[in-house]
Each structure stands twice: as C-alpha cells, then as structure tokens.
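These notes concern the structure reproduced below.
Worth saying up front: this structure is predicted, and the values here are computed from it rather than measured. Letters A, B, ... mirror the listed sequences (proteins, then strands); counts begin at 1.
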Protein chains: 2
Amino acid sequence: MKVTIREVAEAANVSRGTVDRALNHRPGVNPQVAERIIKIADELGYKPDMAARTLANKKYTKTIGVILCSEGNPFFNDVINGVNNALEEMGHFGIQNIVRKIKGFDADLLLKEIDGLLAEKISGLVITPVNSQNVAQKIQDLEDANIPVVTINTDISSVKHLAYVGCDYITSGCVAGELLGMMSNGFEEHVALIIGSSMVMAQEQRLRGIKKTLKRDYSNITVEAVIENDDDDQKSYEQVKALLKEKPELTTICFASAGVEGGIKAVRESDCGRKLRIVTYDLTDIVRENLKSGVVSATICQEPFRQGFLGVEILGRYLLYGTKPKESTIKTHIFIATKYNL
Amino acid sequence: MKVTIREVAEAANVSRGTVDRALNHRPGVNPQVAERIIKIADELGYKPDMAARTLANKKYTKTIGVILCSEGNPFFNDVINGVNNALEEMGHFGIQNIVRKIKGFDADLLLKEIDGLLAEKISGLVITPVNSQNVAQKIQDLEDANIPVVTINTDISSVKHLAYVGCDYITSGCVAGELLGMMSNGFEEHVALIIGSSMVMAQEQRLRGIKKTLKRDYSNITVEAVIENDDDDQKSYEQVKALLKEKPELTTICFASAGVEGGIKAVRESDCGRKLRIVTYDLTDIVRENLKSGVVSATICQEPFRQGFLGVEILGRYLLYGTKPKESTIKTHIFIATKYNL
DNA sequence: CTGAAAGCGCTTACAG
DNA sequence: CTGAAAGCGCTTACAG
C-alpha cells in the first residue's frame with residue numbers, strides 16, 4: 001500500500017503538519033525531530049503524491065512568462081508549437097501563462113518585455129535570450145528574486161539559471177562537416193558556406209564546427225567562400241548569384257542559417273548544366289519543399305518542438321513540484337534529415 | 001479566475017455531483033439537464049483540474065503492465081530507460097506497475113506473460129507484440145475487457161488498440177537507401193544488405209524500403225547480396241567473411257538489424273587494402289564505438305527512449321485522465337547519426 | 001434522477 | 001516549535 005504523510009506522522013508520533021514541514025525543509029521544526037521524521041519517512045519509503053501537492057498549492061496560482069525572439073522567423077514555428085503544447089498541459093494543473101513575441105534578437109526590446117512580465121507578477125520565465133551583458137544582468141536579477149529562468153534555443157553565458165534547452169552549435173557544425181565529407185565519397189569538392197552573421201554566436205559556432213571537421217578529416221574538400229547574408233533573402237539571392245558566376249568549380253553550397261529561399265532562386269537561375277548539391281539547417285517550409293523536390297539533399301535539424309515543450313515543462317515542474325532537471329543543460333538532438341525522414 | 005465545478009454548479013442550479021456526472025457523461029442524469037450543464041460549462045470556459053481529478057481517483061489505484069521482448073537485445077536498453085522514466089513519473093500520481101521482460105519475439109511466452117499480468121489485475125498494458133494471430137486475439141480480448149493496450153517499437157495488425165509508438169519501417173528503409181545514394185556521390189557502388197530474418201516484418205519492410213529507393217533513384221548502386229544472419233554474431237561473422245572473399249568489388253555493407261559485431265570483425269580481418277563503408281541501424285554500444293572510431297560511417301536511429309517513454313505516458317494519461325492521443329499511431333522520428341551526433 | 005457529504009494527500013494560516 | 005483544522009477541486013457511495 002502507498003505510504004502517505006499520515007503513516008509517517010503516526011510512525012513518528014507527530015502531526016501531519018509537522019511531517020510536511022520537516023520533509024520539505026520548512027522553517028520552524030525542532031531539528032532533531034525533523035531529522036527523525038526524515039529518517040522514518042525514508043525507511044517507510046514515503047514518496048509525495050504530486051497530485052495532492054499540486055492541488056494543495058492551487059491557492060497560490062502561478063504564472064509562466066514566455067518571451068520569444070520569433071517574430072518573422074519561420075524556424076520558430078515549431079518552437080512555438082512546443083511552447084503552446086506544454087502551456088496547455090500546465091493549464092490543466094492551474095498554471096497560467098503570458099506569451100510575448102518580439103522581432104529579432106533585440107536586447108533592448110527583450111529587456112522591456114521582461115519588465116512588462118515582471119509587472120504582471122510572473123513566477124518564472126522561459127526565454128530565447130540575447131547574449132548581452134544587460135540581459136545577463138536582468139536574468140541574474142530574476143534568479144535573485146527567486147524567479148527561475150529557462151533559456152531555450154540559445155543560451156546566455158555567465159548567469160546561472162534553472163536550465164537551457166537547445167543544441168550544441170559547434171557539434172551542429174561538425175555534423176554538417178561530416179555530412180559534406182560523407183557525401184564527397186572521397187572525391188574533390190568545392191564548397192561555399194553561407195551564414196547570416198558571424199556576430200550571432202550560434203552561427204559563428206556552426207561555421208567553426210564545419211571548418212574544423214573539414215580541415216581535420218576531409219582534405220578533399222575545399223571551402224571556396226564564406227558569405228554572410230544577414231538572413232536576408234534578397235541579399236542571399238544576389239550574393240549566391242555573384243558567387244556562382246565567380247566560382248564555376250563550386251559543387252556544394254551549405255546554408256547554415258536563413259536566406260535559403262533567395263539562395264536557391266539564384267542557383268535555379270544560374271543552372272548551367274552542373275548539379276549543385278545543397279545542404280541546409282533546420283526544417284522550414286521552404287526547406288521541406290526543396291528537400292522533397294530533390295533540390296536540397298539534406299538538412300540538419302535540432303528538435304525545435306522539443307526545445308519549446310521541454311523549456312516550459314521544466315519550468316512548470318519546478319514551479320509545481322520544486323523538481324529541478326538533473327542537468328541544467330538539456331541538449332536537444334542534432335540529426336540529419338533527408339526527403340524521407342522529415 | 002479559474003472556473004471550477006462549483007461555479008458551473010451554481011450557474012446551473014444543480015449540485016456539484018450532477019455537474020460531474022453530466023460533464024463526464026456518466027449514467028443517471030436527465031439528458032436535458034446534462035445538455036444544459038455541458039452548455040453552461042462550455043460558456044464559462046470550464047476546464048477540469050487534472051490534479052484534483054487524479055487525487056479524487058486515488059481510491060481506485062491502477063496498475064500498468066509492461067511486457068518487453070527485450071532480454072538479451074541491447075537495442076532495447078534505451079526503450080527500457082524510457083519505460084522506467086515514465087513509470088517513475090506515473091508513480092508520483094499513484095500508478096503502480098509490473099514489468100516483465102522475455103527473450104525473443106516468442107508468441108507463446110508473450111501470451112503466458114499477458115495472462116500472468118491479467119491475474120495481477122492490471123488496468124492497461126504496454127507491450128512489444130509479436131505479430132501473430134494468437135497475440136492479436138489476446139489483445140482484442142484485453143481491449144474488450146476495457147484494458148487498453150499500447151504497442152511500442154513494433155505494432156500488431158488487425159486489432160484496434162489505444163496506440164502504437166514506433167517508427168515506420170519502410171520509411172526507415174528508404175532513409176538508408178537515400179543515405180547510401182548520397183554517399184555514392186554519383187559513382188558506381190556495390191552494396192551488400194544484411195538483415196536478421198525476412199520473417200520479421202520490420203526487417204522485411206526495411207529491406208523493401210532500401211531496395212525500392214536504390215532502384216528508383218540510384219542506378220549507380222548495385223545490390224550484390226542480401227544475407228540473413230538470424231541476428232547471430234557468429235553466423236554474421238562467417239557470412240560476411242565468405243561474402244568479402246566472393247565479392248571483391250563490394251564497396252558498402254549495410255546492417256539492417258543485429259550481428260554488427262560479428263560482421264565488423266569479419267571486415268577487419270579481411271581488410272585487404274580496400275576501404276569498405278559500413279552503415280548500420282540503431283545505436284547500441286557496439287555501433288557507437290565503431291562510429292567513433294570511424295569504422296561505421298553512419299547509423300539510422302528511431303528514438304528508442306521515446307518509444308518506451310511515450311508508450312507508458314500515453315497509457316498512464318489515459319488511465320488517469322481518460323485522454324486519448326490525437327492519433328493512435330505515433331511515429332517516432334527516424335534520423336541519421338554520425339560520429340558527431342550520437 | 002439528484003443532492004449532501006466524505007474522501008483523495010498535502011499544505012498552511014491560526015492558535016497555542 | 002507543534003497540532004488541529006480547513007481547504008485545494010473532483011469523484012462517488014449512499015440516501016432519497
């Protein structure tokens with residue numbers, strides 16, 4: 001039979017309230033009594049019932065705040081789906097939520113939104129942070145004020161927080177490097193790498209991972225160009241167009257960020273008989289389409305849904321039950337998708 | 001403020017018991033009253049509180065039964081981890097469990113274990129079924145007796161059940177075919193495919209997927225041999241050894257099932273200068289090792305942890321809250337892993 | 001068919 | 001520092 005707080009109380013000859021206080025390390029219990037209670041609970045194999053705990057805490061309803069730098073960025077669609085799914089689940093347990101979306105990784109906007117949510121008395125925050133000093137300071141303030149913070153998709157350095165859920169971008173680069181290597185089958189290849197901006201840490205890390213892997217293991221592959229398109233399709237189009245004219249020996253283009261649509265348009269128009277291989281990151285509608293039609297060979301994914309879902313779930317569980325994840329960094333899987341496994 | 005059953009009762013001028021009965025379609029309510037209550041609840045935006053529901057149902061504790069054909073099969077280690085994680089979670093909500101593991105996909109043993117669990121009064125079953133008529137009938141009996149069944153990793157045909165969590169094996173084959181194609185870089189390749197037994201549906205389907213994809217899209221790749229090793233390492237070793245002697249033109253071996261260790265041993269010993277490419281399925285310790293050392297180029301994975309975790313979670317939620325998954329088939333992702341993304 | 005009441009296990013404001 | 005009691009929201013056996 002299940003051991004409840006009642007059994008522990010009887011075995012210890014104290015009231016249920018005292019057991020609760022002891023087991024949850026609340027103040028106001030004689031330390032020796034507390035120790036004895038904990039020992040007895042342990043011996044009896046007591047495990048708290050989460051449903052009861054949650055119900056009892058209903059009086060003190062909590063709100064999860066979510067801020068995503070997702071506006072106008074289709075990659076985030078699945079992150080948002082994950083966030084919404086988890087928020088709905090939390091809703092069944094009485095946790096409210098406020099969600100804000102902003103355009104671009106804009107530190108000032110982000111700070112303003114955080115203050116807005118604080119004014120709404122959120123109990124915890126899920127956020128795609130900008131990795132800046134101001135934001136780090138603000139997150140520090142939140143943690144100090146006992147408002148736990150979970151970062152998703154991209155992390156923030158130098159501030160301890162409840163958790164980060166997202167991928168390791170250097171590894172993500174290594175995977176692309178290895179993929180390009182595998183696809184070369186040992187033959188000579190000429191590659192162009194296209195990123196948004198090397199000022200964005202994630203993209204700089206990806207680039208680093210790709211280059212490192214190619215250099216170490218695939219001397220048959222030459223990196224002919226590294227281009228920054230500011231994640232802008234028009235710019236991407238023009239740059240790729242120019243690139244193809246300039247480097248007729250090119251065999252492969254790897255898009256490590258956005259601007260895929262523009263880039264592919266340029267490839268299409270410049271098609272002078274040669275078969276260019278294209279590799280991308282993530283799985284937006286554009287990428288999906290082009291994978292299916294065979295224009296893109298493969299794409300490297302990072303579980304966006306799970307980033308959103310787990311981020312909210314981890315925060316929710318902490319608020320509901322006080323449970324922390326075993327590791328504060330939860331790496332989402334990086335995997336290679338082809339037309340068959342979208 | 002959150003709407004509870006109490007508010008609905010007041011608005012409808014009935015007791016809370018009646019609201020509960022109406023909203024949950026329990027018998028013994030005047031149909032017209034029930035309809036009115038449902039309407040009011042809807043208007044008020046009533047959402048049941050899962051914690052309260054769970055707590056109230058504590059009196060009628062439920063037990064999840066789990067039967068896995070996992071004994072001696074390292075692939076299942078992660079499935080088991082997933083199962084255990086979810087069972088632990090369910091434990092916090094008062095759901096008990098009984099887990100049984102059997103060796104091989106043995107229908108008779110499986111039936112015996114099911115009967116054993118029935119005797120223990122399980123409320124639901126998570127199982128890796130053998131796709132036989134007897135087992136199908138038994139699962140039918142369970143569902144008829146209101147004991148929901150969730151299949152994981154492999155499904156059973158011709159019986160409706162709560163859910164299946166696992167991958168689509170034909171697609172899984174297509175992914176391997178596409179991968180082999182990508183890695184050929186358009187050059188001539190000679191491939192051997194090694195499965196356990198074509199009598200196992202999942203393996204037969206994988207084989208079919210691989211062949212179909214190669215035939216359709218990669219005429220540069222020839223399948224030189226298809227070998228069945230009964231998932232036995234010794235047999236695998238001998239067969240690969242013979243194969244390598246017989247077919248010196250071979251460039252790639254794809255293991256669609258077990259026997260990887262034996263096969264790789266044979267490749268090592270026969271190494272006569274040529275660089276054989278090896279592709280495998282799943283991520284056992286053996287595969288992991290050989291990926292890291294570069295012996296295996298890539299492996300095709302299917303989220304074993306998630307299969308176990310979701311299988312139990314879906315059943316648990318159904319038993320706790322009565323919620324069914326949106327789709328009764330939950331496909332786990334198939335993805336390609338390299339040395340960098342294990 | 002309907003209502004009043006007890007109970008699920010935990011938490012906490014209140015009284016001592 | 002400790003206990004008795006009310007309460008979280010839902011469910012159900014019981015009485016009518």
Distance below 4.0 Å between B:T18 side-chain N/O and C:dT2 OP1 or OP2: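 False: B:T18 side-chain N/O out of range (4.0 Å or more) of C:dT2 OP1/OP2.
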May I ask you to verify if any side-chain N or O of B:S15 is less than 4.0 angstrom from the OP1 or OP2 atom of C:dG3?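 Yes, B:S15 has a side-chain N/O under 4.0 Å of OP1/OP2 on C:dG3.
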Could you check whether the rings of B:F93 and A:Y321 sit parallel, tilted or perpendicular, using 30° and 60° as the cut-offs?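 Judged by the thresholds at 30° and 60°, the geometry between B:F93 and A:Y321 is perpendicular.
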Applying a 4.0 Å non-hydrogen cut-off, can you work out what B:R16 is touching in the nucleic acid: base, sugar-phosphate, or nothing?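 The residue B:R16 makes base contact.
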Tell me what B:Y321 touches on the nucleic acid: a base, only sugar-phosphate, or nothing, going by heavy atoms under 4.0 Å.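 Since no nucleic acid heavy atom lies under 4.0 Å of B:Y321, the category is nothing.
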Determine the sole option in B:V79, B:N85, B:L310 for which the side-chain contact (heavy atoms from CB on, under 4.5 Å) test with B:F305 is passed.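 The residue from B:V79, B:N85, B:L310 that satisfies side-chain contact (heavy atoms from CB on, under 4.5 Å) with B:F305 turns out to be B:N85.
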Test A:V149 against every option in A:L162, A:V126, A:L142 by the side-chain contact (heavy atoms from CB on, under 4.5 Å) rule and name the one that passes.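 So the option named by the test is A:L142.
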Whole angstrom value for the distance that separates [atom2] of [N] from [atom1] of [X]:
{"X": "B:R6", "N": "D:dG7", "atom1": "CZ", "atom2": "C1'", "result": "10 Å"}
{"X": "A:I5", "N": "C:dC10", "atom1": "CD1", "atom2": "C1'", "result": "6 Å"}
{"X": "A:R26", "N": "C:dT12", "atom1": "CZ", "atom2": "C1'", "result": "8 Å"}
{"X": "A:E7", "N": "C:dG9", "atom1": "CD", "atom2": "P", "result": "8 Å"}
{"X": "A:N24", "N": "C:dG9", "atom1": "CG", "atom2": "C1'", "result": "12 Å"}
{"X": "A:Y60", "N": "D:dG7", "atom1": "OH", "atom2": "C1'", "result": "9 Å"}
{"X": "A:R53", "N": "C:dC10", "atom1": "CZ", "atom2": "P", "result": "8 Å"}
{"X": "A:R21", "N": "D:dC1", "atom1": "CZ", "atom2": "P", "result": "11 Å"}

Complement of D:dA13, any strand, by Watson-Crick or G-U distances under 3.5 angstrom: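 In the structure as shown, D:dA13 has no Watson-Crick or wobble partner.
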Once you apply the 3.5 Å cut-off to both distances, tell me the Watson-Crick or G-U wobble partner of C:dA4, or none.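 Partner of C:dA4: none.
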Of the listed nucleotides ([options]), which one gets closest to any side-chain atom of [X]?
{"X": "A:K59", "options": "D:dG7, C:dG9, D:dT2", "answer": "D:dG7"}
{"X": "A:A56", "options": "D:dG7, C:dA13, D:dG3", "answer": "D:dG7"}
{"X": "A:A52", "options": "C:dT2, D:dC10, C:dC10", "answer": "C:dC10"}

Between A:Y46 and B:P31, just flag the one whose closest nucleotide in DNA chain C comes earlier from the 5' side.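 Between the two, 5'-proximity favours B:P31.
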Considering heavy-atom distances to DNA chain C, does B:V14 or A:N57 have its closest nucleotide positioned more toward the 5' end?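 Looking at DNA chain C, the more 5' nearest nucleotide goes with B:V14.
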Is it true that, when you exclude A:E35 itself, more than 12 heavy atoms of the residues, nucleotides or ligands shown sit nearer than 6.0 Å to its CD?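 Atom CD in A:E35 is not packed in, count stays at 12 or less.
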Report the distance from atom NE2 of A:H333 to atom CD of B:E303, rounding to the nearest 0.5 Å.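 Here the interatomic distance stands at 7.0 Å.
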C:dT2 versus C:dA6 - spacing of their P atoms, nearest Å: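 Roughly 23 Å separates the two P atoms.
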Do NZ/NE/NH1/NH2 and the carboxylate oxygens of A:K47 and B:E88 come within less than 4.0 Å?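 No salt bridge links A:K47 with B:E88.
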If you assign A:G17 and A:P27 each to the DNA chain D nucleotide with the nearest heavy atom, which residue ends up on the more 5' nucleotide?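 It is A:P27 whose nearest nucleotide is closer to the 5' end.
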